[in-house]
Amino acid sequence: MVTDNLTSLQTFILEEESRFPNASGEFSWIVSAISLAAKMIAYKVRHVRLQGGVGKEGDVNVQGEEQIKMDVIANEVIMRVLGSRSSIAVLGSEEDEQPTILRKGTDGGKYCVLFDPLDGSSNLDTAVGVGTIFTILRNDPNIPDAVRTVCQPGMQQVAAGYVLYGSSTVFVITTGHGVHMFELDMSVGSFLLVQRDLKMPRRNKVYSVNEAYSEGFPAGYQRYLKWAHEQGYSSRYIGSMVADIHRTLVNGGVFLYPPTKKHPGGKLRLLYEANPMSFLVEQAGGTSTDGGRRTMEIVPTEVHARTPLVMGSADEVAHVMNHLRG
Ligand code: P6P
């Protein structure tokens, strides 16, 4: 039930900006650009077969994964929309080997934006929810190297969020002052506020993991799963991170991507998947770790670094961590 007055994402961001008298408005422009890109991608995703966007691009991306045509289309949309924002110094994408330098700090580049343009895109051909994940970092003009500039621990994020292209198109964002959810009203083409300062339940007996790989999980994860089965937990796994995390954020529970035989260091990317989601989860009252330390304290060494992930409701993450400690 929406009880708030009708507030668009643009209005909300300007309200937020007014909290900071010295704000230049440049940050608001970036969020506005991401919102525009999200609307364009939402339309293309909803007509993906009609637009011939299903199927493989025929290339392999930097991750060694076959690119889906929509991966490339979504990446181009975001690069073209954000590229025109004068306050952005560096853009980094899951789809691109190296970050793109748009301008130096001395030329007005105050922020870096990293993103996964279409996470879970392999699910597109079966019309399962997919998403865009983004994070906004400050640019450090004293670091001449774009890679080192963006390799910041998650604690330094200025803002983070995702767009879920699901049964509805949902835009979820935090700027460090709570988590706020918007839904796209196609009749007016605006994201409208549906939940302010979202807080996730402290517990919910639901875990989300690809159990097909469980024999390769470290023993602590196997102990946890055995315990969860005995406690009568439910399992929910979509295989699209944005959809799995959105459900966890709204309903509570715990999402896990442990080390596996194929990905002994974890599969999910630290900078533009784990960190933005960790920022949101912590702002909503949850916790996020790599199975040991707090995710947002990890110091990245490369743009496409991967990490194991245990994130969700505080009590549910604690249950996992207790079993990992043995
Ligand atoms: P698996 C999608 O490919 C993705 O990057 C995330 O969206 C998702 O959480 C994960 O990989 C699924 O991986 O190995 O379970 O198919």
Side-chain angles (χ1 to χ4, degrees), residues 41 45 48 53-57 59-72 74-75 78 92-96 114-135 160-166 170 172 206-218 221-222 225 235-251 253-278 280-281 286 288-291 295 303-312 317 320:
I41 295 169
V45 163
V48 66
V54 170
K56 301 192 180 352
E57 176 67 15
D59 293 341
V60 170
N61 67 11
V62 64
Q63 319 292 337
E65 295 165 346
E66 282 196 302
Q67 277 187 316
I68 306 289
K69 288 175 187 170
M70 268 306 298
D71 283 327
V72 176
N75 196 50
I78 297 175
S93 168
E94 183 207 30
E95 297 300 324
D96 299 330
L114 306 180
F115 54 90
D116 181 353
L118 204 59
D119 177 75
S121 57
S122 55
N123 293 299
L124 269 176
D125 55 350
T126 51
V128 168
V130 296
T132 297
I133 310 172
F134 64 89
T135 178
Y162 59 78
V163 185
L164 172 59
Y165 311 104
V170 178
V172 178
V206 175
Y207 66 82
S208 182
V209 70
N210 189 334
E211 272 187 277
Y213 308 144
S214 61
E215 287 176 17
F217 292 166
Y221 290 96
Q222 300 192 26
L225 288 176
S235 170
R236 292 284 183 277
Y237 193 72
I238 300 167
S240 184
M241 185 186 196
V242 175
D244 280 318
I245 297 300
H246 186 65
R247 182 200 57 247
T248 305
L249 205 59
V250 173
N251 294 343
V254 61
F255 173 85
L256 310 93
Y257 205 107
T260 64
K261 286 176 184 164
K262 184 178 178 185
H263 295 290
K267 174 183 182 183
L268 300 176
R269 291 78 168 182
L270 174 59
L271 278 176
Y272 44 79
E273 290 177 339
N275 275 342
M277 292 309 197
S278 298
L280 289 161
V281 162
S288 174
T289 79
D290 67 351
T295 304
V303 177
H304 301 294
R306 298 176 190 261
T307 181
L309 205 47
V310 180
M311 67 164 43
V317 171
V320 178

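Atoms within a ligand are numbered from 1 in the order they appear, just like the ligands themselves. Hydrogens, waters and symmetry mates are skipped; everything else that's a heavy atom, side chains included, is used.
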Ligand 1 atoms in contact with [X] (distance to a heavy atom under 4.0 Å):
X      : value
Asp119 : 5 (O), 6 (C), 7 (O)
Tyr237 : 1 (P), 12 (C), 13 (O), 15 (O)
Arg269 : 5 (O)
Asn210 : 1 (P), 15 (O)

Inset, instruction - Would you sort out whether Leu164 and Ile245 count as a side chain to side chain contact (heavy atoms under 4.5 Å, CB included), showing the intermediate values? - result: CA-CA 10 Å; Leu164 172 59; Ile245 297 300; over 6 Å; no

Got [X] and [Y] here, is their nearest side-chain heavy-atom distance under 4.5 Å?
X      : Y      : value
Tyr162 : Asp116 : no
Tyr237 : Asn210 : yes
Thr132 : Val242 : no

Legend entry - Residue portion contacting ligand 1 (non-hydrogen atoms closer than 4.0 Å) for Lys262: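 Near ligand 1, Lys262 shows nothing, with every heavy atom at 4.0 Å or more.
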
Inset, instruction - Identify which one of Ser121, Ser93, Ser122 satisfies the side-chain hydrogen bond (donor to acceptor under 3.5 Å, both in side chains) criterion when paired with Asp71. - result: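 With Asp71 as partner, side-chain hydrogen bond (donor to acceptor under 3.5 Å, both in side chains) holds for just one option, Ser121.
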
Inset, instruction - Could you walk me through whether Met277 and Ser288 pass side chain to side chain contact (heavy atoms under 4.5 Å, CB included), step by step? - result: CA-CA 9 Å; Met277 292 309 197; Ser288 174; over 6 Å; no

[X] to ligand 1: N or O pair under 3.5 Å?
X      : result
Met241 : yes
Ser240 : no
Ser122 : no

Inset, instruction - Can you figure out which of Glu211, Lys267, His263 has its heavy atom closest to atom 11 (O) of ligand 1? - result: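 The option holding the nearest heavy atom is Lys267.
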
Inset, instruction - Show the numbers, then the answer: is there a side chain to side chain contact (heavy atoms under 4.5 Å, CB included) between Leu268 and Leu309? - result: CA-CA 8 Å; Leu268 300 176; Leu309 205 47; 3.9 Å; yes

Inset, instruction - Please write down residue, atom name and distance for the protein heavy atom closest to atom 14 (O) of ligand 1. - result: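 Checking every protein heavy atom, the shortest distance to atom 14 (O) of ligand 1 gives Tyr257 OH, 2.7 Å.
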
